[in-house]
2 protein chains.
Amino acid sequence: MRVLVVEDEHKIANSIKKGLEQEAYAVDAAYDGESGFDLALNEDYDVIILDLMLPKLDGIEVCKQLRANQVHTPILMLTAKGQLNDKVEGLNAGADDYLVKPFAFAELLARVKALTRRPRNSIGSVLTVEDLSLDTLTFEVKRANKPIELSKKEFALLEYLLRNQGRTLTKDQIINHVWDYDADVLPNTVEVYIGYLRNKIDRPFKDKPPLIHTVRGFGYKIGRRK
Amino acid sequence: MRVLVVEDEHKIANSIKKGLEQEAYAVDAAYDGESGFDLALNEDYDVIILDLMLPKLDGIEVCKQLRANQVHTPILMLTAKGQLNDKVEGLNAGADDYLVKPFAFAELLARVKALTRRPRNSIGSVLTVEDLSLDTLTFEVKRANKPIELSKKEFALLEYLLRNQGRTLTKDQIINHVWDYDADVLPNTVEVYIGYLRNKIDRPFKDKPPLIHTVRGFGYKIGRRK
DNA sequence: AGTTTTTCTCAGTTGTTTCTCAGCTTGCTC
DNA sequence: GAGCAAGCTGAGAAACAACTGAGAAAAACT
């Protein structure tokens, strides 16, 4: 899967690039509208991530021009908070989805995946390990059929662990996926949140084996047995 | 309940819009096939009312394209008298019902209601949770058999909550379903309306457990126990 | 036209969540 | 089993999300 990121803030562009590369996407970056447009026209991408505010040629214009040139590649538009009203304009210009900045990388990834998935259906919203389940649609989390209340960050962290169950995730990976690109949190914060999750999903179920495991020196993983 | 009306005769489109709004639907209108298609694809409607004869992209085509794009929203097709033979084609293209012009508004309303009536937790036109009931046909709302008066927006919000009972709905989802496309209301408005509903359906029944629940960080849901 | 109701925003308050820090515990290595 | 790095955790400051009373503007009655 090839992705083009058109974004003038290098920090953001590169963090998206890195993150997607971790997920096995091939990513090109462009830092202004003009070169982004050229690349999109001449290369063959599966998704284009397009910032709204761009030097030389803004996102809406790039989008319109591409559509006018018969480029039908799905476009994910990035808009800053204040520009939210432009979402309509963006979608009218031919974008397929939009995302408001700042966003967590996991959110971006989910949308990119949705755009690359041909038939856009929303089944399979429930993630599980053992007797723990998390529904990304209704936000319900249960263990042994008992509902568990999580805060937003706890939920996002658990979702990320579950999507990669059995796999060890480093604190850096976790930070990059669960927090905003401009969040800049310490690795210790992850430790703290892992602690919160254990208090809610492992500690109250002492009769069962714990699901969250520390892999010393590497990170954390979720799954049965160590 | 959100409805999209696609009809090029502004007079008819607006009279449908007004009429449905009186019935507590949130209605968007489009006056040609292309913009109708765009809206239907990007927004989330509960019913689409689609004229057969349209500039830019005719009703049959819009219908086919929507189905091809995995949009399964019920479609009510409007046909003029002479086009009666096209009804077959319309139904083949994926429409769920059709109505011959000119029609009485009551007829249209009945069909829209028929299309929005889901077999789920509703017996006929009445939605219920515990001792609370809401009749989408007569607009009667009762708790413990005592009638409750709601404004149009309050009614629409409660209806949406009831149709998704037990499920947590985000403020964004609520805004998208209860308000129409160009409404652009703040999330706080939802909080305020939730407050109004609580004043009417939970606060006067202190002896019973509340039905409306806040799911902090995610949204609201209706149902028994937390 | 005047009155009432409804819709929606704003600002103040409250309680929760997010995140950091600092001290503590654990487990690995020699 | 001492020393050390990695991870854990309780406490607290700052940021945030939700609730609510008040009121302006619009819509609906009368």
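Naming: A, B, ... by sequence-line order, numbering from 1 per chain.
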Can you check whether A/Trp179 has a side-chain N or O nearer than 4.0 Å to OP1 or OP2 of C/dT18? no
Is B/Glu7 reaching over with its side chain to a backbone N or O of B/Glu9, donor-acceptor style, under 3.5 angstrom? yes
For A/Lys153, salt bridge (Lys or Arg N to Asp or Glu O under 4.0 Å) partners two or more places apart: none
Nearest to the B/Lys153 side chain among D/dA18, C/dC8, C/dT18, which nucleotide is it? C/dC8
Hey, which sits more toward the 5' end of DNA chain D by its nearest nucleotide, B/Arg198 or A/Arg203? A/Arg203
My understanding is that only residues two or more places apart in sequence, or in another chain, count here; which of them pass salt bridge (Lys or Arg N to Asp or Glu O under 4.0 Å) with B/Lys208? B/Asp131
Residues at least two apart in sequence or cross-chain that pass ring-ring contact (aromatic ring centres under 6.0 Å, His included) with A/Tyr31, listed by chain then number, are A/His10
Go through the structure and list residues passing side chain to side chain donor-acceptor pair (under 3.5 Å) with B/Ser35, not counting sequence neighbours. B/Asp32
Which part of the nucleic acid does A/Asn199 contact within heavy-atom distance under 4.0 Å: base, sugar-phosphate only, or nothing? nothing
Listed pairs, N/O of protein and of nucleotides 23-28 of chain C, under 3.5 Å:
from: C/dT26; atom 1: O2; to: A/Arg216; atom 2: NH2; distance (Å): 3.0

Mind checking what makes side chain to side chain donor-acceptor pair (under 3.5 Å) contact with B/Asp202, not counting sequence neighbours? B/Arg143
D/dA18, OP1 or OP2 - any side-chain N/O from B/Lys171 closer than 4.0 Å? yes
Does A/Tyr196 make a side-chain donor-acceptor contact with the base of C/dC19, cut-off 3.5 Å? yes
List in chain and number order the residues that pass salt bridge (Lys or Arg N to Asp or Glu O under 4.0 Å) with A/Glu21, two or more places apart in sequence or in another chain; answer none if no residue qualifies. A/Lys17
Does OP1 or OP2 of D/dA6 have a side-chain N or O of A/Thr214 closer than 4.0 Å? no
Checking C/dT18, D/dA18, C/dC19 against the side chain of B/Tyr220 (C-beta onward), the nearest is D/dA18
Using the ring-ring contact (aromatic ring centres under 6.0 Å, His included) criterion, which residues pair with A/Phe103? Sequence neighbours excluded. A/Tyr181
Look at the side chain of A/Gln173 and the backbone N and O of A/Thr170, then say whether any donor-acceptor pair between them is shorter than 3.5 Å. yes
So for the helix from C/dA1-D/dT30 to C/dC30-D/dG1, with five pairs setting each end axis, what is the inter-axis angle to 10°? 40°
Establish, with yes or no, whether the OP1 or OP2 oxygen of C/dT5 is under 4.0 angstrom from a side-chain nitrogen or oxygen of B/Lys152. no
List in numerical order all residues of residues 186-194 of chain A for which some heavy atom is under 4.0 Å away from an atom belonging to DNA chain C. A/Leu186, A/Asn188, A/Thr189, A/Val192, A/Tyr193
Mind checking what makes ring-ring contact (aromatic ring centres under 6.0 Å, His included) contact with A/His177, not counting sequence neighbours? A/Phe105, A/Tyr160
Run the side-chain contact (heavy atoms from CB on, under 4.5 Å) test against A/Thr189 and tell me which residues pass, sequence neighbours left out. A/Trp179, A/Val185, A/Leu186, A/Tyr193
